[in-house]
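The next block holds one structure in the form of structure tokens; read it before the comments.
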Amino acid sequence: MPAIDIEALEREAAAEEEQASAAKLTPDEERASVAIARRDKAREERASAESARREIDMAGRVAVAKAAIGSRAMVKGIDLVSLFPLGEAPPMAQLPGGGVIVVRSPEAARMKAFHSEAEAKKRPLADLFSDMVIESTIDPDPKDPTQGMKLRAFCDAYPGAAIGAGDQVAKLGGSKAQADKRGRG
């Protein structure tokens, strides 16, 4: 077993303690740190409550859509706020459907066209996903002038969110295709 240089270890510990002491927060920095932690905790609590409200709203709207569509398509709710980092979602007034949209699985022909367009790379992927989200949204009604404009504006302004929502729609289309193949659709 190698010998331990205790004196060197003690010098290293003393140097680290000196650096830790020098790095301590000033009283004002300590107050600011506590205030930041309180602010962040309050934001997280508010975001959690708002998320729960959207989940409740989404559950009801999905149930209504499933009852209306039956087995013709799969239905899913998408929480648009969850597509953004905490605190970075746009204001609720800018979000279609109060921050929740309900989508249906795209038809097989639509999925095939989407994949062909994506492979051809003639249009940006965000545009392709945006179109699929808009075409697949059943609540709010994209044909309603106000909600339709809001949905299009959202997809255009936030292409990353449109891709995230479009990916969920595409997965729903893939799940529907698999269910149809197994005779469960």
**Q.** Distance (rounded to the nearest 0.5 Å) between Ser136 OG and Lys76 NZ
**A.** 13.0 Å
Q | Shortest non-hydrogen contact from Leu25 toward Ser33 | A | CD1-CB, 4.2 Å
Q.
Could you go through Ser51 and Asp79, starting from their C-alpha distance and side-chain angles, then the distance that decides it, and tell me whether this counts as side-chain contact (heavy atoms from CB on, under 4.5 Å)?
A. CA-CA 8 Å; Ser51 176; Asp79 179 353; 4.2 Å; yes
Q: Return yes when atom CZ of Arg53 has more than 12 non-hydrogen atoms of other residues, nucleotides or ligands closer than 6.0 Å, and no otherwise.
A: no
Q | Closest non-hydrogen atom pair, Pro90 against Phe154 | A | CG-CE1, 4.4 Å
Q. Should Val81 and Val102 be counted in the same cluster of Ile, Leu, Val, Met, Phe, Trp and Tyr side chains packed under 4.5 Å apart?
A. no
**Q.** Residues Met111, Met132; criterion side-chain contact (heavy atoms from CB on, under 4.5 Å); working and verdict
**A.** CA-CA 9 Å; Met111 287 299 299; Met132 185 155 28; 3.8 Å; yes
Q. Quick one: are Leu151 and Pro140 in side-chain contact, heavy atoms under 4.5 Å?
A. no
Q. Which residue pairs satisfy the side chain to side chain donor-acceptor pair (under 3.5 Å) criterion with at least one member in residues 10-23, sequence neighbours excluded?
A. none
**Q.** Pairs touching residues 82-103 that satisfy side chain to side chain donor-acceptor pair (under 3.5 Å), sequence neighbours left out
**A.** Gln94-Tyr158
Q: Just jot down the side chain to side chain contact (heavy atoms under 4.5 Å, CB included) partners of Ala118, sequence neighbours excluded, or say none.
A: Leu125, Leu128
Q. To the nearest 0.5 Å, how far apart are CZ in Arg39 and CD in Glu44?
A. 10.5 Å
Q) Who else is in the cluster with Val34 when I, L, V, M, F, W and Y are joined by side-chain contacts under 4.5 Å? A) none
Q | Single-linkage hydrophobic cluster, 4.5 Å side-chain cutoff, Leu80 and Leu172 together | A | yes
Q. Nearest 0.5 Å, what's the CZ-OG1 distance between Arg104 and Thr137?
A. 11.0 Å
(Q) So which atom in Phe84 and which in Ala161 form the shortest heavy-atom distance, rounded to 0.1 Å? (A) CZ-CB, 3.8 Å
Q. Got Asp40 and Arg43 here, is their nearest side-chain heavy-atom distance under 4.5 Å?
A. yes
Q) Run the side-chain contact (heavy atoms from CB on, under 4.5 Å) check on Arg31 and Asp28 step by step: do they pass? A) CA-CA 5 Å; Arg31 285 181 57 212; Asp28 283 346; 4.1 Å; yes
(Q) How long is the straight-line distance from CZ of Arg110 back to CG of Asp131, given to the nearest 0.5 Å? (A) 6.5 Å
Q. Just how far is it from atom CG of Asp167 to atom CG of Leu83, taken to the nearest 0.5 Å?
A. 10.0 Å
Q. Do you know the tightest heavy-atom contact between Gln147 and Pro96?
A. OE1-CA, 3.8 Å
Q: Check whether any side-chain heavy atom of Met149 lies under 4.5 Å from a side-chain heavy atom of Arg152, and answer yes or no.
A: no
Q | Distance (rounded to the nearest 0.5 Å) between Leu95 CG and Ile101 CD1 | A | 10.5 Å
Let me check something: any side-chain donor-acceptor pairs from residues 60-70 under 3.5 Å, sequence neighbours excluded? List them with distances.
{"residue": "Arg61", "atom": "NE", "partner": "Asp139", "partner atom": "OD2", "Å": "2.8"}
{"residue": "Arg61", "atom": "NH1", "partner": "Asp57", "partner atom": "OD2", "Å": "2.8"}
{"residue": "Arg61", "atom": "NH1", "partner": "Gly97", "partner atom": "O", "Å": "3.0"}
{"residue": "Arg61", "atom": "NH2", "partner": "Val100", "partner atom": "O", "Å": "2.8"}
{"residue": "Arg61", "atom": "NH2", "partner": "Asp139", "partner atom": "OD1", "Å": "3.3"}

Q: Determine the minimum heavy-atom distance between Ala47 and Leu86, stating which atoms define it.
A: CB-CD1, 3.3 Å
Q. Got a sec, which pairs hit salt bridge (Lys or Arg N to Asp or Glu O under 4.0 Å) with one end in residues 89-103, sequence neighbours left out?
A. none
Q.
Contact between Gln168 and Val133 at the side-chain level, heavy atoms closer than 4.5 Å - yes or no?
A. no
Q. Hey, mind stepping through Glu135 and Glu107 against side-chain contact (heavy atoms from CB on, under 4.5 Å) and telling me if it holds?
A. CA-CA 10 Å; Glu135 292 168 18; Glu107 301 290 333; over 6 Å; no
